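Naming convention: chains lettered A, B, ... in sequence-line order (proteins, then strands); numbering from 1 in each chain. It should be emphasised that the depicted structure is a prediction, and the values quoted were computed from it without experimental measurement.
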Amino acid sequence: MRYNEKELQALSRQPAEMAAELGMRGPKKGSVLKRRLVKLVVNFLFYFRTDEAEPVGALLLERCRVVREEPGTFSISFIEDPERKYHFECSSEEQCQEWMEALRRASYEFMRRSLIFYRNEIRKVTGKDPLEQFGISEEARFQLSGLQA
Amino acid sequence: MAPGSPPGPAIATMKLNERSLAFYATCDAPVDNAGFLYKKGGRHAAYHRRWFVLRGNMLFYFEDAASREPVGVIILEGCTVELVEAAEEFAFAVRFAGTRARTYVLAAESQDAMEGWVKALSRASFDYLRLVVRELEQQLAAVRGGGGMALPQPQPQSLPLPPSLPSALAPVPSLPSAPAPVPALPLPRRPSALPPKENGCAVWSTEATFRPGPEPPPPPPRRRASAPHGPLDMAPFARLHECYGQEIRALRGQWLSSRVQP
C-alpha cells in the first residue's frame with residue numbers, strides 16, 4: 001500500500017502526547033527485546049532507535065488491543081490478528097499503567113465515541129445539540145447510528 | 001511500498017503496520033465519506049479514477065469500489081485542503097508543508113461532491129476531533145457543575161483552525177499552514193474553540209497543533225489549561241479571527257457572484 005511516508009516522518013517529529021524509552025519486541029517469533037524511543041503522536045505510535053532522528057517504524061493505533069502481559073509489560077495487537085503482539089517493557093508499573101491508558105484512548109475511533117457520548121450527555125442536560133454552534137451537527141460520523149454495536 | 005517517488009539510492013523505508021491499515025480501510029464500520037475522485041498521478045501525470053474512502057484521518061484509495069485492498073492511503077495530519085486552478089473541473093488539493101512535500105490534486109465529479117469532500121477532508125484530522133472533544137468535555141463539566149441550563153459559549157480567545165485560501169488570493173500573512181510552533185503560547189494545549197460555519201469556498205486547514213514538551217497527558221487534558229483569558233491568548237487571536245472573517249466574507253461574495261453564471 002502506498003502512503004505518504006515523508007508526511008508520516010514529519011508527523012513523528014511533532015511533539016508527542018507521550019514519549020519514553022522502552023524495551024520493545026516485535027511480533028515475529030524469536031524477536032529480541034530492543035531499546036526504542038517510543039513516541040505517541042495522534043493515533044500513531046512511532047518507535048526510534050535511541051540515537052536516530054528518523055523512526056524505524058510506526059503503528060497506526062486503530063482497532064488495536066492493549067493488554068497487560070508480565071508485570072511492567074504490555075502488548076499491542078490488532079483485532080484481526082490478536083496473537084501477533086508487539087511487546088513493550090516499561091521501567092515501572094506506573095509507567096506501564098500510564099502507557100496502557102494513553103494507548104487505549106489514542107485511536108480516532110475512541111475519540112469519535114467520546115464525542116458522541118459528550119454530545120448526548122450535553123443534549124440530555126441542556127436540550128441543545130452542542131455541535132450546532134460549530135456547524136458540524138449533521139456530519140454522518142457524529143451520529144449515534146454510526147456507532148458499532 | 002515506495003510512495004511513488006523515482007528510484008534512487010536504497011533507503012530503508014519506515015515500517016508501518018500495513019496489514020492492520022488495510023483491515024481498517026475495509027472493515028465494516030461506517031465510513032466518513034466515500035466516492036469516486038480523480039487523482040493526479042504526479043506533476044505531469046494523468047488523472048486516475050479511484051474509489052476513495054475517508055475513515056478517521058486516513059484517506060484510502062482503491063482501484064474501484066469492489067477492491068479488497070487499497071492501492072494507497074493519504075494520512076491527513078498537518079495538511080491543508082484548498083481549491084485549485086486545474087485543467088479538471090471540481091479540482092481541489094491536499095497540500096502538505098515542507099520542502100519536497102507532496103501535494104495531492106484530486107477532482108470530484110460534481111460541485112456538490114467537491115464541496116462535500118473539501119469539508120470532510122479539512123475536518124478529518126485527529127487534532128480537529130480532539131479539539132471538539134475537549135470543548136465538549138468542558139461544556140459538559142460546566143453544565144453539570146454549574147447547575148445551569150445554559151450552554152456555555154465557546155471561548156473566543158483561542159485560535160480557530162486557520163482557513164486555507166484558494167491560490168487565487170494572496171496568501172495569509174504570518175500564519176503558517178504547516179505544523180509549526182505557535183509563539184508565546186504558555187499552555188501545553190491551546191484552549192479549544194472551533195471554527196465557525198464554513199462559508200462558500202473558504203476552507204479550513206487541518207493544521208496539527210503544536211504541543212511543546214513530551215509530557216504525558218493527564219486524563220482529562222483540560223485540567224492543564226490555566227489562565228484561559230490571559231491577554232496573550234486573546235488579543236492576537238481575536239484579531240486574526242476577525243481578519244480571516246473579512247477574507248472569508250470577501251471570498252464568499254466572490255464565489256456567490258461567480259455562481260450566477262449562465
Does any heavy atom of chain A fall under 4.5 Å from the side chain of Ala22(B), the backbone, both, or neither of them? both

Please examine the side chains of [Y] and [X], heavy atoms only from C-beta on, and report whether any two atoms are closer than 4.5 Å.
X         : Y         : result
Tyr24(B)  : Glu109(A) : yes
Arg141(A) : Arg123(B) : yes
Asp127(B) : Gln14(A)  : no
Arg130(B) : Met111(A) : yes
Arg102(B) : Lys6(A)   : no
Glu77(B)  : Glu7(A)   : no
Tyr47(A)  : Lys15(B)  : yes
Phe126(B) : Val41(A)  : no

Straight-line distance of [X] [atom1] to [Y] [atom2], nearest 0.5 Å:
X         : Y         : atom1 : atom2 : answer
Leu21(B)  : Leu59(A)  : CG    : CG    : 11.0 Å
Leu11(A)  : Leu76(B)  : CG    : CG    : 11.0 Å
Arg144(B) : Ile122(A) : CZ    : CD1   : 9.0 Å

I'd like to know which of Pro70(B), Ala25(B), Ser20(B) tops the heavy-atom pair count under 4.5 Å against chain A. Ser20(B)

Hey, mind stepping through Arg55(B) and Glu62(A) against side-chain contact (heavy atoms from CB on, under 4.5 Å) and telling me if it holds? CA-CA 11 Å; Arg55(B) 186 168 264 149; Glu62(A) 299 297 331; over 6 Å; no

Chain B contact via [X] - side chain, backbone, both or neither, heavy atoms under 4.5 Å:
X         : answer
Ser107(A) : backbone
Ala58(A)  : both
Glu139(A) : side chain

Can you name the closest pair of heavy atoms from [X] and [Y] and give their distance?
X         : Y         : value
Met14(B)  : Tyr3(A)   : O-OH, 2.9 Å
Leu136(B) : Leu115(A) : CD1-O, 3.8 Å
Tyr118(A) : Leu140(B) : CD2-CD2, 3.5 Å

Could you have a look at Gly57(A), Pro27(A), Ser114(A), Ala20(A) and say which one has the most heavy-atom pairs with chain B under 4.5 angstrom? Gly57(A)

Which is it for Asp32(B) and Arg112(A) under the side-chain contact (heavy atoms from CB on, under 4.5 Å) test, yes or no, and what are the steps along the way? CA-CA 11 Å; Asp32(B) 298 330; Arg112(A) 189 208 306 265; 2.8 Å; yes

For Arg68(A), all residues meeting side-chain hydrogen bond (donor to acceptor under 3.5 Å, both in side chains), sequence neighbours excluded: Glu93(A), Gln97(A)

Only residue of Leu60(A), Asn4(A), Val42(A) satisfying side chain to side chain contact (heavy atoms under 4.5 Å, CB included) with Ile75(B) is Asn4(A)

Tell me whether the count of non-hydrogen atoms from other residues, nucleotides or ligands lying under 6.0 Å of CZ in Arg65(A) goes above 12. no

With a sphere of 6.0 Å drawn around CD of Glu138(A), does it hold more than 12 non-hydrogen atoms of other residues, nucleotides or ligands? no

Close contacts, residues 75-91 of chain A versus chain B, judged by heavy atoms under 4.5 Å: Phe78(A), Glu80(A), Asp81(A), Arg84(A), Tyr86(A)

Chi angles and distances behind the side-chain contact (heavy atoms from CB on, under 4.5 Å) call for Met1(A), Val71(B): CA-CA 5 Å; Met1(A) 197 191 313; Val71(B) 171; over 6 Å; no

side-chain contact (heavy atoms from CB on, under 4.5 Å) evaluation trace for Leu131(A) with Val132(B): CA-CA 9 Å; Leu131(A) 294 189; Val132(B) 180; 4.0 Å; yes

